[in-house]
Amino acid sequence: MEAKVLHKLQCPTWIDFEKFPRKSSGSVRFSRRMREEKRLRVLISAQMEPDIASNQRSYDSVKVSCTFNSFSASVLESGNVHAPVDEAQVLKNKSQEIEPYLSGRCIYLVGMMGSGKTTVGKILSGVLGYSFFDCDTLIEQSVDGTSVAEIFKLYGEGFFREKETEVLQKLSLMRQLVVSTGGGAVTRPINWRYMQKGISVWLDVPLEALAQRIAAVGTDSRPLLHQCESGDAYTEVALNRLSTLWEERGEAYANANARVSLENIAVKLGHKDVSSLTPVTIAIEALEQIEGFLKEEDDMAIAGY
Ligand SMILES: Nc1ncnc2c1ncn2[C@@H]1O[C@H](COP(=O)(O)OP(=O)(O)OP(=O)(O)O)[C@@H](O)[C@H]1O
Ligand SMILES: O=C(O)C1=C[C@@H](O)[C@@H](O)[C@H](O)C1
């Protein structure tokens with residue numbers, strides 16, 4: 001069984017380690033170089049076209065439509081002012097900006113069930129040129145394609161958690177991955193040891209929004225939410241279950257290197273609630289938070305910590 005698990009985890013999507021770039025040995029450090037590049041970009045764009053000088057996401061003055069799956073964005077122009085905002089372009093620029101500083105480190109997305117780890121993770125892996133892995137899927141593959149729900153039913157949660165740790169251990173040996181972890185992966189300290197090889201990002205979504213999303217798709221693949229009733233009470237029951245899990249896990253999620261708070265994004269962009277935030281918007285915020293973490297890390301290194 002063990003050999004089979006190993007084999008399944010290595011094929012067919014296993015990554016060729018040789019293709020991963022090594023950490024840059026350039027003498028210019030992250031913060032300084034980022035600042036210099038930014039200054040240069042602002043200077044150039046200010047000379048070429050004042051209205052596109054800033055890459056900032058000020059959504060108030062322009063209308064951006066961004067399709068969910070293809071991440072293509074169309075920007076309406078108002079008068080002869082070119083709208084500075086094109087979400088897809090912002091996403092691309094931001095990913096290109098930070099990718100060299102990741103030095104091939106994996107990104108681990110953590111968060112409650114339904115927080116968007118898979119959806120946002122696929123967007124991030126696409127723009128960073130990383131491979132995407134979903135821990136739940138890898139666990140299922142390692143148990144002969146048995147679904148997560150079936151694994152819980154047949155072998156119990158303890159067995160599932162062991163498999164989850166095995167998967168994370170294997171993934172921690174790899175580079176250039178975006179990993180969507182299971183909602184409960186944060187509960188085991190050993191899992192953090194593996195995730196610390198990369199950068200962990202917490203998708204912090206209000207419970208009400210989670211319950212709505214989950215109620216919309218059902219709980220078949222989420223055994224810890226099973227037995228939620230269907231119908232009107234569904235969202236409420238899901239919310240109660242999620243609240244209990246949240247009580248147990250809230251602190252554990254906060255261990256992540258970076259936090260993407262949907263409430264904060266909504267406030268920043270002037271949205272009334274988080275339900276109108278697209279996965280691309282959230283992916284951009286994730287990159288910004290990762291950038292913040294990289295800068296902090298660099299400052300600590302400079303300070304000799
Ligand atoms: N920004 C968003 N706005 C609205 N719905 C979203 C958003 N992001 C994801 N969803 C939807 O929410 C549901 C859960 O998303 P997803 O599968 O990406 O979450 P997850 O964190 O990987 O969940 P799990 O850990 O339970 O597998 C999906 O139906 C997805 O389409
Ligand atoms: O929150 C959890 O504990 C879980 C989340 C899912 O991703 C699966 O990993 C499994 O259903 C358990």
Side-chain angles (χ1 to χ4, degrees), residues 66-69 71 87 91 107-126 132-143 146-168 178-188 191 200-228 235 238 241-250 252-253 256 260-263 265-266 269 271 273-286:
C66 201
T67 61
F68 208 92
N69 294 323
F71 347 130
E87 274 202 315
L91 181 71
I107 294 172
Y108 292 92
L109 296 177
V110 302
M112 295 279 282
M113 281 177 261
S115 57
K117 300 179 295 285
T118 307
T119 311
V120 174
K122 285 182 178 168
I123 296 173
L124 289 176
S125 66
F132 174 80
F133 281 93
D134 178 83
C135 283
D136 287 343
T137 307
L138 291 175
I139 295 166
E140 289 174 344
Q141 285 172 5
S142 76
V143 191
T146 315
S147 72
V148 168
E150 280 292 300
I151 296 173
F152 268 70
K153 205 156 88 189
L154 294 173
Y155 309 110
E157 184 173 351
F159 176 87
F160 176 84
R161 297 292 170 208
E162 284 301 319
K163 292 289 158 211
E164 189 168 51
T165 298
E166 280 174 26
V167 161
L168 284 167
V178 175
V179 178
S180 167
T181 65
V186 295
T187 55
R188 283 187 139 194
N191 294 345
S200 49
V201 180
W202 170 28
L203 297 188
D204 184 9
V205 181
L207 294 185
E208 292 77 12
L210 290 178
Q212 275 162 16
R213 287 183 193 178
I214 287 168
V217 292
T219 58
D220 287 354
S221 63
R222 297 178 170 96
L224 292 180
L225 297 180
H226 276 175
Q227 284 137 30
C228 288
T235 312
R241 293 269 163 91
L242 286 167
S243 302
T244 310
L245 287 174
W246 172 251
E247 295 286 311
E248 294 161 16
R249 296 177 178 172
Y253 290 124
V260 175
S261 156
L262 266 61
E263 272 171 352
I265 308 176
L269 301 182
H271 288 239
D273 73 275
V274 304
S275 62
S276 55
L277 300 176
T278 69
V280 173
T281 303
I282 297 163
I284 292 169
E285 177 72 9

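Read the numbers this way: they start at 1 and go in the same order the structure lists the ligands and their atoms. Keep in mind that the numbers below use all heavy atoms, side chains included, and drop hydrogens, waters and symmetry copies. Residue numbers run from 1 in the order of the sequence given. Computed from a predicted model, the values in this text were never measured in an experiment.
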(message) Please work out, at 4.0 Å between heavy atoms, whether the side chain, the backbone, both, or neither of M113 comes within that distance of ligand 1.
(response) both
(request) Quick one: look at I282 and ligand 1, take heavy-atom pairs under 4.0 Å, and tell me if it's side chain, backbone, both or neither. (result) side chain
(request) Please work out which of the three classes, parallel, tilted or perpendicular, describes the rings of W202 and Y253, given edges at 30° and 60°. (result) parallel
(request) Go through the side-chain N and O atoms of N191 and T165 and say whether any donor and acceptor fall under 3.5 Å apart. (result) yes
(request) Answer yes if the side chains of S142 and E166 hold a donor-acceptor pair under 3.5 Å, and no otherwise. (result) no
(request) Please state whether G111 comes within less than 4.0 angstrom of ligand 1, counting heavy atoms only. (result) no
(request) Output the list of atoms in ligand 2 that are nearer than 4.0 Å to some heavy atom of V148, sorted by atom number. (result) 10 (C), 11 (O)
(message) Side chain or backbone, does G183 bring an N or O within less than 3.5 Å of an N or O on ligand 2?
(response) yes
(message) Any nitrogen or oxygen of R161, side chain or backbone, less than 3.5 Å from one on ligand 2?
(response) yes
[X] neighbourhood, listing ligand 1 atoms whose heavy-atom distance to it stays under 4.0 Å:
{"X": "L277", "answer": "1 (N), 2 (C), 3 (N)"}
{"X": "P279", "answer": "1 (N)"}
{"X": "T119", "answer": "9 (C), 15 (O), 16 (P), 18 (O), 30 (C)"}

(request) Report yes if S275 has an N/O atom closer than 3.5 Å to an N/O atom of ligand 1; otherwise report no. (result) no
(request) Ignoring hydrogens, just give me the one of V186, D136, I139 whose non-hydrogen atom is nearest atom 9 (O) of ligand 2. (result) D136
(message) Once you restrict to heavy atoms under 4.0 Å, what part of R249 touches ligand 2? Side chain, backbone, both or neither.
(response) side chain
